[in-house]
Amino acid sequence: MWYAHNPGRRACQLLGDGAALLWTALWAAVALAVHRLVLPASQPASHRPRIPLLGSSVDGALRGVAHAGDRIVSAAPAPQGPAAAQALAVLGAVALFVIPVSLMLTVWLPRRVRWTRQAAAAQELAGTEDGRELLALRALLRPLDELAATAELLPAAPHETPDLDPDLDPAPDLDPDLDIPPGPGPGSLAKGWREADPVVLDALADAELQRLGLRT
């Protein structure tokens with residue numbers, strides 16, 4: 001699995017992948033243009049066309065490299081000069097492509113691979129009862145605000161009223177200090193997981209799947 005089921009999460013992933021491809025294509029085009037600029041030619045380096053999308057400082061530095069290549073050609077013996085200048089042009093173009101693309105991949109690729117592995121494992125676990133318990137346990141490790149939001153989705157437990165003696169007053173005054181069971185909260189999620197409450201387990205498992213974008 002490479003993309004999420006959730007439309008918003010999938011749109012973000014598509015935008016990220018498209019930006020990565022665009023970044024790679026851009027630097028490939030720049031590297032090819034730089035290779036043609038630095039490559040020795042009959043036209044002097046100062047008269048060679050300017051590379052688009054590059055600032056004046058970068059363009060000036062590349063023209064300096066082109067001048068260096070021309071000097072190598074003129075200073076080296078005839079059989080070796082063009083070959084050395086061509087090697088310099090190839091190495092410069094490769095470095096110009098590899099460095100920015102590698103920096104992008106170190107940020108983008110690990111996150112995509114990590115999500116893919118987590119999503120595949122979560123989908124496999126969701127198909128079994130024991131696996132859903134593991135997903136629920138994983139959801140319990142989320143921040144407390146996320147657990148509170150999950151707990152709000154649980155149905156409130158019915159309040160138990162004490163049995164009243166029919167011989168007594170049928171409508172006794174209720175003690176205002178009487179303990180009333182609190183509504184569902186993060187603590188009730190942990191208790192429900194320990195007791196294997198199917199409602200709690202399903203809510204936690206679904207919350208973990210939704211966090212990964214596997215629930216719409």
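Nothing fancy with the numbering, it's 1 onward along the sequence. It should be emphasised that the depicted structure is a prediction, and the values quoted were computed from it without experimental measurement.
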Asks: Tell me, please, which residues at least two apart from R142 pass side chain to side chain donor-acceptor pair (under 3.5 Å).
Replies: E146
Asks: How about Y3 and R112: do any of their side-chain heavy atoms sit closer than 4.5 Å?
Replies: yes
Asks: Any side-chain heavy atom of W27 sitting closer than 4.5 Å to one from V98?
Replies: no
Asks: Can you name the side-chain contact (heavy atoms from CB on, under 4.5 Å) partners of A136, sequence neighbours left out?
Replies: W193, L201, L204
Asks: Please go through L141's hydrophobic cluster and name the other residues, only I, L, V, M, F, W, Y counting, with side-chain heavy atoms under 4.5 Å joining them.
Replies: none
Asks: Clusters formed by hydrophobic residues whose side-chain heavy atoms approach within less than 4.5 Å: which one holds I99, and what are its other members?
Replies: L103
Asks: Checking side chain to side chain contact (heavy atoms under 4.5 Å, CB included) for the pair F97/V30: CA distance, chi angles, key distance, verdict?
Replies: CA-CA 8 Å; F97 173 77; V30 171; over 6 Å; no
Asks: Mind jotting down which residue pairs meet the side-chain hydrogen bond (donor to acceptor under 3.5 Å, both in side chains) criterion with at least one end in residues 113-132? Sequence neighbours excluded, please.
Replies: R132-D202, R132-D206
Asks: Could you pull out all residues at least two apart from W108 that satisfy side chain to side chain donor-acceptor pair (under 3.5 Å)?
Replies: D17
Asks: Kindly give the heavy-atom pair with the smallest separation between L209 and A122, and that separation in Å.
Replies: CD2-CB, 3.8 Å
Asks: How many angstroms lie between atom CZ of R9 and atom CD of Q210, to the nearest 0.5 angstrom?
Replies: 11.0 Å
Asks: For the CG atom of L109 and the CZ atom of R111, what is their distance to the nearest 0.5 Å?
Replies: 12.0 Å
Asks: Tell me if a side-chain donor or acceptor on Q13 pairs with a main-chain N or O of A4 at a distance below 3.5 Å.
Replies: yes
Asks: Would a single hydrophobic cluster contain both L32 and V101, if residues Ile, Leu, Val, Met, Phe, Trp and Tyr are joined by side-chain heavy-atom contacts under 4.5 Å?
Replies: no
Asks: How far does CG of L137 sit from CZ of R194, to the nearest 0.5 angstrom?
Replies: 12.0 Å
Asks: So which heavy atom on A119 is nearest to which on L214, and how close?
Replies: O-CD1, 3.7 Å
